[in-house]
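Start at 1 and go down the list; that is how both ligands and their atoms are numbered.
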Amino acid sequence: MNKLAQLDQKYIWHPFTQMRDWLRREPIVIASGQGAVLRDVHGKEYLDANASIWTNLHGHQHPKLNTAIQRQLKKISHSSALGFANEPASLLAKKLITAANSIPIGETSSTSPHAKFGTRGTRPSEKLAKVFFSDDGSTALEVALKLAYQFTRRTRGAKSKPKFLSLTGAYHGDTIGAVSLGHIDLFHKAYGGMLFPTDQVMSPYCYRCSFNRAKPERTDARKYRQCHWECVGLVEKKFAAQKMKGNPYAAFVFEPLMQGAAGMIPQPSGWLGQVTEIARSHGALLIADEVMTGFGRTGLTCHVDDKTIASISKNTAAKLFATQRVGVTPDFLCVAKGLTGGYLPMAATLTTQKVFDAFLGEYEEFKTFFHGHSFTGNQLGSAAALASLDILQTEKSVQQRAQLQKNFHAELQSLWSLPNIGDIRQVGLVAGIELVKDWRTRAPFTLREQAGIRVCEAMAKRGVLTRPVGNVIVLMPPYCTTRAQLQKMIAALAEGVAALRHA
Ligand SMILES: *Cc1c(COP(=O)(O)O)cnc(C)c1O
């Protein structure tokens, strides 16, 4: 066995991994990467089909990112944000706020174009104005959670008990506050006694929704669903019931457009606008977890064709966030994974002037936000993030992403011919492919059958690396992925799925 693989097995404990399984075989040891390709210590090449667990945007060894980090390295790598400002963090904060507030032409910030429940005197949303830096997705959510908690107690009174609402299957990170917001029993149950209670409400999982009366078809379940938006009705009910208790929800926490770790659950067009409208009308703060969806991952529009691509011009807003795609401005916008292009661990929680102002006071009033991490505002991370945003906002990059979205859609269609594929759900540049025993019945594989794991192992043998979420195979190509590379990813997936039948 390779020397490094031996050291790994001797000393390292891997995340979300049954280590008994891990120790059974030689792990792939990654030595280098270039674009969408990863290379192991034996020189074998793989496609990075889940963008290194949803972090990478522009590919590995991007010259602009490498240069930006090297330039910063020659000045300083890290100084503390406790007491000092620094150049790249200041520039990055401004750039993030500007990007997050750019609302596409013709859309307003507070109403959804699809709002079925209409505008009901909802307060207009505030602009995002301030950035609190931290280290990863979990901490970005912890910061939002603590800020929302204190903000609510300061506005509703110190005796109030702020309550949070999130979605079925929600995943917002692995620290205790973030886990409290989560609703994946498999991950979260074990910590029950340590968590604070939060409520959950149905997320729109059209493919397996009990309200969807449609028989399975060979297309994305969102397209043929037959329902009366019962899921939105449940959100309305939940907010109304909590109001009756005399303690309206303090905040509604959600992943916009697509829930990742829940199993790549996409929201049907119109859902997000309606539920955020309801939340706002009940006075709840909106906490958008864009840790996965941020920085262009959810694409430009629902559907991209040649006309869309041709119409992209210098004036096309890059729409880097999923919330912007539906014209929703949250009170807290949490970003991490792709912030630095996936190069360095860094996160940010963006919030409004109003929230910020609630923490102002005389020193001895102790209104200070007592929270912070050692690497807050790290210079190397900030430099990488600045370079990544520069790339993302160029016309060329917007066009490249639109083209990739279109090609991705076209290539995915071939998979419908496989009887073990029940649903293919693409949102922009991410797709979840749900494996089933038979598409006509939607019968799921049991956890014990490890269908997702087996397909991903078969894909790895064919030079394509990704990780499943249960029975859902995730494809999340880096933005530099070529059409040939996409084809290779999808061919490997198809072969892996076909092999399930012969096992
Ligand atoms: C990954 C993820 C997190 C947690 O981020 P970490 O950097 O792993 O702590 C939170 N929310 C969402 C939506 C994520 O995908």
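- Protein residues having a heavy atom under 4.0 Å from any atom of ligand 1 are Trp54, Asp136, Gly137, Ser138, Tyr171, His172, Gly173, Glu255, Asp289, Val291, Met292, Lys337, listed by chain and number.
- Taken to the nearest 0.5 Å, the CG atom of Asp289 stands 10.5 Å off from the CG atom of Leu167.
- Val469 is linked by a side-chain contact (heavy atoms from CB on, under 4.5 Å) to Trp54, Val474, counting only residues two or more places apart in sequence or in another chain.
- If you check the side chains of Gln34 and His60, you find no donor sitting under 3.5 Å from an acceptor.
- Cation-pi check for Arg442 over Tyr207 is met; the charged atom lies under 6.0 angstrom from the ring centroid and within 45 degrees of its normal.
- A cation-pi contact, defined as under 6.0 Å to the ring centre and within 45° of the axis, is absent between Lys163 and Tyr249.
- The 12-atom threshold is exceeded at CG of Leu7, counting heavy atoms of other residues, nucleotides or ligands nearer than 6.0 Å.
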